[in-house]
Q: 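Quick one: structure below, then a few questions.
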Amino acid sequence: MKLNRKFFDRDVLEAAPDLVGKLLVRRMADGSEIRLRITETEAYRGQSDTACHARFGRTKRSAILYRQGGIIYVYLCYGIHWLVNIVTGPEDFPQAALIRACETADGPGKLTKALSIDGQFNGSDITENPFLWIEDDGTRVDIIADKRVGIGYASIEDQNRLWRFKKG
DNA sequence: TTAGTGATATCC
DNA sequence: GATATCACTAAA
């Protein structure tokens, strides 16, 4: 079943680990569908999280994070790679779950390339978008919590948070 | 290990 | 206006 608004209208620390094991579904322009099981996510939570894009407050880029749960946040990293996040929680509290990897694509850049996801999805609603959504097929998996990666600019306390969730 | 790539944030 | 930075990947 397709995940609805209620799923994303929770704290990211509940939603992010819950996303692991779910199916990311992408319907292509020609009508074909790609289904990939999510194997790794990371939580970015609030202005007090020094690893979060919203750490400097609301900017043109981070404004998406302040929206309601279910909004897709896609941004370009290193000029090459699209990274896809899903905003969670209530409006005006910036938090999002970064989808880092799926079963056949081990890296956020590869993931978006495999699914042809780019900036066109930024700001759209994953519970209403006809080309991209997430399904729960009933599979339950073990979750392993780990430290987030690639955030050397964040404070030590934030780097040490176990906000990366992997399929066990 | 290093280069490539371009939007964003921050600094004149 | 400019430039430093960045949640990455592929090639070597």
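Since the model is a prediction, treat every value here as computed from it, not as a measurement. Naming: A, B, ... by sequence-line order, numbering from 1 per chain.
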Q: When you look at CZ of A:Arg67, are more than 12 heavy atoms from neighbouring residues, nucleotides or ligands closer to it than 6.0 Å?
A: no
Q: Return the value, rounded to whole Å, for the distance between atom CZ of A:Arg164 and atom P of C:dC8.
A: 10 Å
Q: Could you walk me through whether A:Gln47 and A:Tyr66 satisfy the side-chain hydrogen bond (donor to acceptor under 3.5 Å, both in side chains) test, starting with their C-alpha distance in whole Å, then the side-chain angles of each, then the deciding distance to 0.1 Å, before giving a yes or no?
A: CA-CA 10 Å; A:Gln47 293 179 9; A:Tyr66 289 79; 2.6 Å; yes
Q: For residues 73-83 of chain A, please give each side-chain donor-acceptor pair under 3.5 Å, one per line with the distance, not counting sequence neighbours.
A:
residue	atom	partner	partner atom	Å
A:Tyr73	OH	A:His53	ND1	2.9

Q: Atom CD1 of A:Ile151 and atom P of C:dC6: how far apart are they, to the nearest Å?
A: 12 Å
Q: Cation over ring, A:Arg10 on A:Phe8, under 6.0 Å and within 45°?
A: no
Q: Is the shortest side-chain N to carboxylate O distance from A:Lys166 to A:Asp142 below 4.0 Å?
A: no
Q: Have a look at A:Thr41 and tell me which of A:Ile143, A:Val20, A:Asn85 forms a side-chain contact (heavy atoms from CB on, under 4.5 Å) with it.
A: A:Val20
Q: Given atom CD of A:Glu42 and atom P of C:dC6, what is their separation to the nearest angstrom?
A: 16 Å
Q: Should the pair A:Arg35-A:Glu135 be classified as a salt bridge under the 4.0 Å nitrogen-to-oxygen rule?
A: yes
Q: Among residues 51-63 of chain A, which ones have heavy-atom contacts with DNA chain C below 4.0 Å?
A: A:Ala51, A:His53
Q: For DNA chain C, write out the stems as range with range, using runs of 3 or more consecutive Watson-Crick or G-U pairs with both distances under 3.5 Å.
A: B:1-4 with C:8-11, B:6-11 with C:1-6
Q: Which whole-number value in Å describes the distance from A:Lys110 NZ to C:dA11 P?
A: 10 Å
Q: Let me know the distance between CG of A:Asp106 and P of C:dT9, rounded to the nearest Å.
A: 8 Å
Q: Using the rule side-chain contact (heavy atoms from CB on, under 4.5 Å), only one of A:Asp136, A:Thr88, A:Ile134 pairs with A:Leu19; which is it?
A: A:Ile134
Q: Tell me what A:Arg148 touches on the nucleic acid: a base, only sugar-phosphate, or nothing, going by heavy atoms under 4.0 Å.
A: nothing
Q: Give the rounded distance in Å between these two atoms: CG of A:Leu83 and C1' of B:dA7.
A: 13 Å
Q: Could you check how far OH of A:Tyr78 sits from P of C:dC8, rounded to whole Å?
A: 5 Å
Q: So, A:Ser124 and A:Asn129: side-chain donor and acceptor under 3.5 Å apart, yes or no?
A: yes
Q: Kindly point out which of B:dT5, C:dC6, C:dT9 is positioned nearest to the side chain of A:Pro108?
A: C:dT9
Q: Once you round it to whole Å, what is the distance between C1' of C:dC8 and CD of A:Glu40?
A: 13 Å
